[in-house]
Amino acid sequence: MTEDGKESPELDRIVQNIMSALESEDSKIYSEDVIAEFKDPANVGSVADADGVGFADGLCNDTMEITLKLDGDRIARCMFFTDGCGATIACGSRLTKIATGKTLEEALAIEPEYLAGLLGGLPDDHKHCTSLAVIALRNALRDCVRRRKEKEGGEQ
Ligand code: FES
């Protein structure tokens with residue numbers, strides 16, 4: 001589409017070529033799982049009326065926020081938001097998928113290396129993306145516990 005709103009097959013073709021070149025480059029760097037998760041991420045956004053909110057920022061200045069909704073001791077809903085790279089989006093997507101349905105303790109035990117393994121590995125300069133996601137999740141879990149204790153303290 002041009003500025004005057006007309007279709008431009010030439011521009012579409014150029015954009016398509018650029019996208020194909022980028023995808024070809026990505027496939028040399030990232031696993032199929034990372035690319036699939038990045039292209040169609042799950043659980044993007046924020047849980048309404050969250051029971052816990054966790055934030056993390058990385059050495060690269062990328063950030064992630066994870067919000068959780070609990071059902072008893074289990075995670076009923078888990079969503080993420082990031083301004084980070086494609087690998088970070090893949091990490092947030094996969095991590096929120098696997099955390100959903102887990103107890104707080106089970107989710108707290110998820111390690112960055114485990115997440116990297118589920119994604120078929122990450123290049124060395126993107127290994128910290130898994131830590132960013134896992135730290136955000138752990139902070140959200142701690143926030144759930146803190147809020148619960150506050151609520152219990154308030155009820156006494
Ligand atoms: Fe820093 Fe992905 S979180 S490059």
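Heads up: numbering here begins at 1 and tracks the sequence. In what follows, every heavy atom counts, from backbone to side chain, and hydrogens, waters and symmetry copies are set aside. Start at 1 and go down the list; that is how both ligands and their atoms are numbered.
- Taking Ile, Leu, Val, Met, Phe, Trp and Tyr as members and joining any whose side-chain heavy atoms lie under 4.5 Å apart, directly or through other members, Phe81 forms no hydrophobic cluster with any other residue.
- When the shell of 6.0 Å around NZ of Lys39 is examined, it contains 12 or fewer heavy atoms from other residues, nucleotides or ligands.
- Summarising the local packing, OH of Tyr30 is surrounded by more than 12 heavy atoms from other residues, nucleotides or ligands at distances under 6.0 Å.
- In summary, Arg74 and Glu106 engage in a salt bridge, as defined by a charged side-chain N under 4.0 Å from a carboxylate O.
- Under 4.0 Å is where a charged nitrogen must lie from a carboxylate oxygen, and between Arg148 and Asp73 at least one such pair does.
- More than 12 heavy-atom neighbours from other residues, nucleotides or ligands sit within 6.0 angstrom of CD on Glu150.
- By the criterion of a separation under 2.8 Å, the protein N/O/S atoms near atom 1 (Fe) of ligand 1 amount to Cys60 SG, His128 NE2.
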